[in-house]
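These notes are about the structure you will find just below.
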Amino acid sequence: MRGLEIMEKIMRYPALALLCLGFPVFSAADEPVPNLSGMVDIGYISSMGTTSGSKDTFRGKVMLTNTGEYWINIFSGEGISVRDEYPATNDTEHYLLNYKARHYLNPLEFFTFRGQWEKDLLSASEYQAFVSLGLGRELIKTDHHFLKIELGPGVRHTEWSQAATENNAMGLLSWDYDWKISDVSRFTHKGTVESAEDSTVTRISNQFRQNVTKVIGMTVNHDYRYEHGSQNKREGIFTFGINYQFQ
């Protein structure tokens with residue numbers, strides 16, 4: 001219980017927690033200059049119908065990876081905005097920020113820390129965040145296929161709009177699959193299951209990328225979120241986008 005109480009205190013200040021736990025990652029004086037890489041993906045889809053009217057969906061994702069001698073740090077963020085032509089309905093906006101630190105114990109197994117912050121304007125909560133620690137393993141690593149999984153405990157913090165703040169112990173399972181179809185096309189599949197006493201959240205993200213140049217590609221994305229709790233919620237979005245990668 002002592003460990004849970006400490007993690008709950010950390011979750012009261014999620015941004016500070018990320019900074020504090022991130023300092024050891026960057027403070028090694030003898031660590032060489034890190035290798036930076038990243039990507040930006042912007043997507044859009046428009047739909048219209050007799051009963052639903054017109055609807056515009058915008059989606060943006062950004063990711064930055066910092067690879068050092070001892071740690072791999074991954075920062076990512078995404079935002080989704082859905083607008084329709086009816087002023088009486090509330091427009092949807094959803095934001096998700098992630099930080100992951102990974103240290104390899106051997107060529108296949110690694111220690112991982114993860115922090116996440118999420119806000120949905122249509123949700124009953126102001127925001128939801130969690131921190132977790134865990135272990136991971138690379139299950140498949142070939143020229144064309146890569147699969148890894150991570151598993152560990154954590155604490156979820158929920159800041160409700162009109163109710164008391166909640167802190168719940170949780171378990172996190174995540175997986176990441178990458179299929180290099182050819183030199184110019186790639187398919188990625190990522191998923192997480194966040195299971196706590198109040199609810200279980202499952203996230204699935206699929207992307208197909210076709211290179212146009214070495215750094216620019218066209219993407220097809222499908223993002224899915226399902227929350228099983230007192231009220232079951234299911235959300236999915238399908239977009240076409242332009243992807244830019246740099247390193």
Side-chain angles (χ1 to χ4, degrees), residues 11 14 41 43-45 47 49 52 55-63 74 76-84 89-100 112 114-132 134 136 139 147-163 165-179 187-208 219-241:
M11 284 308 305
D41 193 280
Y44 169 77
I45 190 168
S47 62
S52 61
K55 183 178 294 184
D56 297 306
T57 302
F58 302 89
R59 180 195 50 78
K61 292 184 179 182
V62 60
M63 182 173 67
I74 303 172
S76 64
E78 64 179 80
I80 297 173
S81 176
V82 180
R83 309 289 182 184
D84 60 39
T89 61
N90 294 323
D91 294 326
T92 301
E93 289 187 20
H94 182 265
Y95 304 98
L96 185 67
L97 298 177
N98 262 294
Y99 167 70
K100 291 185 287 185
T112 181
R114 181 184 296 225
Q116 178 177 287
W117 177 90
E118 180 179 25
K119 182 176 180 63
D120 190 329
L121 294 187
L122 297 184
S123 173
S125 63
E126 289 291 334
Y127 69 87
Q128 191 174 76
F130 73 75
V131 293
S132 70
L139 300 179
L147 173 64
K148 68 173 181 288
I149 61 170
E150 301 175 13
L151 179 66
V155 173
R156 177 193 288 165
H157 174 85
T158 304
E159 193 77 24
W160 295 104
S161 301
Q162 299 179 353
T165 297
E166 288 186 7
N167 291 303
N168 292 287
M170 58 166 279
L172 177 67
L173 169 66
S174 71
W175 62 92
D176 192 338
Y177 172 67
D178 191 328
W179 175 22
F187 172 77
T188 58
H189 169 81
K190 299 180 181 181
T192 61
V193 178
E194 309 153 18
S195 181
E197 182 180 358
D198 57 336
S199 66
T200 297
V201 179
T202 302
R203 306 173 194 273
I204 303 292
S205 177
N206 296 300
Q207 182 185 85
F208 173 78
T219 59
V220 180
N221 302 273
H222 178 253
D223 297 287
Y224 175 82
R225 183 185 187 277
Y226 176 72
E227 182 172 358
H228 178 73
S230 57
Q231 293 184 347
N232 297 337
K233 301 177 183 179
R234 182 171 56 188
E235 302 170 351
I237 182 171
F238 180 85
T239 57
F240 296 92

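Residues Gln128 and Thr158 have side chains that bring a donor and an acceptor to within less than 3.5 angstrom of each other. Ser205 and Lys61 share a side-chain donor-acceptor pair at under 3.5 Å.
Between Thr200 atom OG1 and Glu227 atom CD the span is 9.0 Å, to the nearest 0.5 Å. With values rounded to the nearest 0.5 angstrom, Thr202 atom OG1 is found 7.5 Å from Tyr224 atom OH. From Asn98, atom CG reaches atom CE of Met63 across 11.0 Å, with rounding to the nearest 0.5 Å. If you take OG1 on Thr239 and CG on Asn221, they are separated by 4.5 Å, rounding to the nearest 0.5 Å. Separating the CG atom in Leu173 from the CD1 atom in Ile149 is a distance of 7.0 Å, to the nearest 0.5 Å.
Note on ring orientation: taking the six-membered ring where Trp is involved, the planes of Phe187 and Trp179 are perpendicular (angle over 60°, cut-offs 30° and 60°). Between Phe240 and Phe238, the ring planes lie perpendicular to each other; the angle is over 60°, past the 30° to 60° tilted range.
The ring pair (Phe, Tyr, Trp, His ring centres under 6.0 Å) test with His157 is passed by exactly one of Tyr127, Trp117, Phe130: Tyr127.
Salt-bridge check for Arg203 with Glu118: passed, with a basic side-chain N closer than 4.0 Å to an acidic carboxylate O. Between Glu150 and Arg114, at least one side-chain nitrogen of the basic residue sits less than 4.0 Å from a carboxylate oxygen of the acidic one, meeting the salt-bridge criterion.
Surrounding NE2 of His228 are at most 12 heavy atoms belonging to other residues, nucleotides or ligands under 6.0 Å away.
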For this session: Under the side-chain hydrogen bond (donor to acceptor under 3.5 Å, both in side chains) rule, what do His94 and Asp120 come out as? Steps first, then yes or no, please.
Result: CA-CA 4 Å; His94 182 265; Asp120 190 329; 4.6 Å; no
For this session: Mind running side chain to side chain contact (heavy atoms under 4.5 Å, CB included) on Asp223 and Gln207 for me, showing each step along the way?
Result: CA-CA 9 Å; Asp223 297 287; Gln207 182 185 85; over 6 Å; no
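Of the possible donor and acceptor atoms, one in the side chain of Arg156 sits under 3.5 Å from a partner among the backbone N and O of Glu194.
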